[in-house]
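Side chains are part of it too, since the values below use all heavy atoms of this structure and drop only hydrogens, waters and symmetry mates.
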Amino acid sequence: MQRLIIKGGKRLGGELTVQGAKNSALPILAACVLASGEVRLSNIPALSDVYAAIRIMNSLGVKTRFSNGVVTADASDISQVSVEEELMRRMRSSIVFLGAVLARTGECRLSFPGGCELGPRPIDMHLRALRQMGVVINEKHGELICESPHGIRGAVINLPFPSVGATENIMLCAALAEGETVINNAAREPEIDDLGRFLNKMGARVIGGSSGTVRIKGVKKLHGCEYSVMPDRICAATFMSAAAAAGGEIVLNGARAADLGAVNEVFRQAGCIVGEDRDRIFFSARTPPRAVRNITTLPYPGFPTDAQAPVMAMLCKAKGTSVVTETIFSSRFRHVDELARMGADIKTEGRTAVITGADKLYGASVVAPDLRGGAALVCAALAADGESCVSNVELIDRGYERIEKTFAALGADIKRENR
Ligand code: EPU
């Protein structure tokens, strides 16, 4: 068990380079299964979820190497069509291997995925879409046995909600299907566009990126290529939240301001200065933050649910009262009780939280409830007076590469301890 020891109250300052995006890297790693040739991916973050994806790839017979942010993957001799339950349970994103393995081999066996506890996370939209494409799916004892006796065909799929994972799974399956697939009401997150670009580099025919309607013309074969994964917009939002709460000036190299519209708007309302360059953000919080207008999490381009917890940490120190409504997941306020231990004044009712900013937060012993909730506790601890101990760091490591090193480089007093 590891924990972070943080002595808060120091202003942050300096430059950092934003890591590659976890939520882009994971479906792109699954997409490597589609290629009959070697793929070289750069800007891959060293995260426990990425290692979990690589283990799944290895178990399928994909030859992989990972060092210094570069993954090479060769799925020419893919030999397995099933993924063990233990590997599936490690993360939610394991489910996108379903579309990829089906497209490549015509069959797949796996169990329901794991992931952070954010409330029920069904995969009904994924399965309904794949059935529409000719996949026969039998669920037995928690296992999904999927076959395509008459091949996989393109289809027109109308998603009832723009699910990120379902859109990705359909894109992966459609890339090698017969005919054209159209996904209406597709997710528009920038990671969808990144996946489409990567598929096209392998020879796929995907258009529509993040437009809400994605069209995929199936091809017979995909080849190897080189690709660099987009920067992580949620990490960028987290570092800005920390600087807004603790005060300071930071430069985020590699961050794409265009992906952070709704988030940067909130920081500006809070009184922060957000300067945007093409792939750099200059962020300055010279005065304590102010309360902001109501925030409602929504599919992209709305305010991202993944940034809700870190931004809430900033609002705990903002002068005035702010209201945050979470509409994407039913149980994504588990950081609230932990923030309260640090002196935060937050009242929740259902999916709405009312945050009244406190002049001071105090160091405390807190437990990361999930990945982004854990990152929020780190942001609050950096802004708090005194020492905090954040345990369950393993959950934070799912999405942030050595978070203590990033903040230490910005001048924070933070270290990791083994217990
Ligand atoms: N949903 C269904 N049925 C489905 C699929 C989704 O009801 O078949 C519901 C979910 O239960 C949820 C909502 O739709 O209430 C949104 O789910 P979505 O499928 O869009 O999310 P996801 O693909 O499971 C990805 C990210 C999440 C991020 C969400 C929303 C990855 C690996 N995960 O999850 O990231 O919160 O999109 O943007 O890309 C994180 O990084 O901390 C994280 C949780």
Query - Ion pair check, R398 and D49, cut-off under 4.0 Å - result: yes
Requested in this report: Answer yes when E249 and R11 have at least one side-chain N-carboxylate O distance shorter than 4.0 Å, and no when they do not.
Outcome: no
Query raised in the report: Salt bridge or not for E326 and R351, using N-O below 4.0 Å?
Result: no
Query raised in the report: Looking at D370, T297, D306, which hits side-chain hydrogen bond (donor to acceptor under 3.5 Å, both in side chains) with R332?
Result: D306
Report task. Answer yes or no: is there an ion pair linking E404 with K415, defined by an N-O contact shorter than 4.0 Å? Result -> no
Query raised in the report: Relative to each other, are the rings of F66 and Y51 parallel, tilted or perpendicular (30° and 60° limits)?
Result: tilted
Requested in this report: Report yes if the side chains of T238 and C379 come closer than 4.5 Å at any heavy-atom pair, otherwise no.
Outcome: yes
Report task. To the nearest 0.5 angstrom, please state how far the OH atom of Y227 sits from the CG atom of L195. Result -> 8.5 Å
Query raised in the report: Will you find, in the side chains of D397 and S48, an N or O donor that is under 3.5 Å from an N or O acceptor?
Result: no
Query raised in the report: Is it true that R293 and E265 make a salt bridge, defined as a side-chain N closer than 4.0 Å to a carboxylate O?
Result: yes
Query - Lys/Arg-Asp/Glu bridge criterion (N-O < 4.0 Å) met for E276, R268 - result: yes
Query raised in the report: Does the separation of the ring centres of F239 and F407 fall below 6.0 angstrom?
Result: yes
Query - Least distance between heavy atoms, V96 atom then G165 atom - result: CG1-O, 4.0 Å
**Report entry** Salt bridge E226-K201, side-chain N to carboxylate O under 4.0 Å
**Finding:** no
Requested in this report: In plain terms, say whether R256 and D277 are close enough for a salt bridge, that is, a side-chain N and a carboxylate O under 4.0 Å apart.
Outcome: no
Query - salt_bridge(R341, D337) N-O dist < 4.0 Å - result: no
Query raised in the report: Is there a side-chain contact between L16 and N253 (heavy atoms, below 4.5 Å)?
Result: no
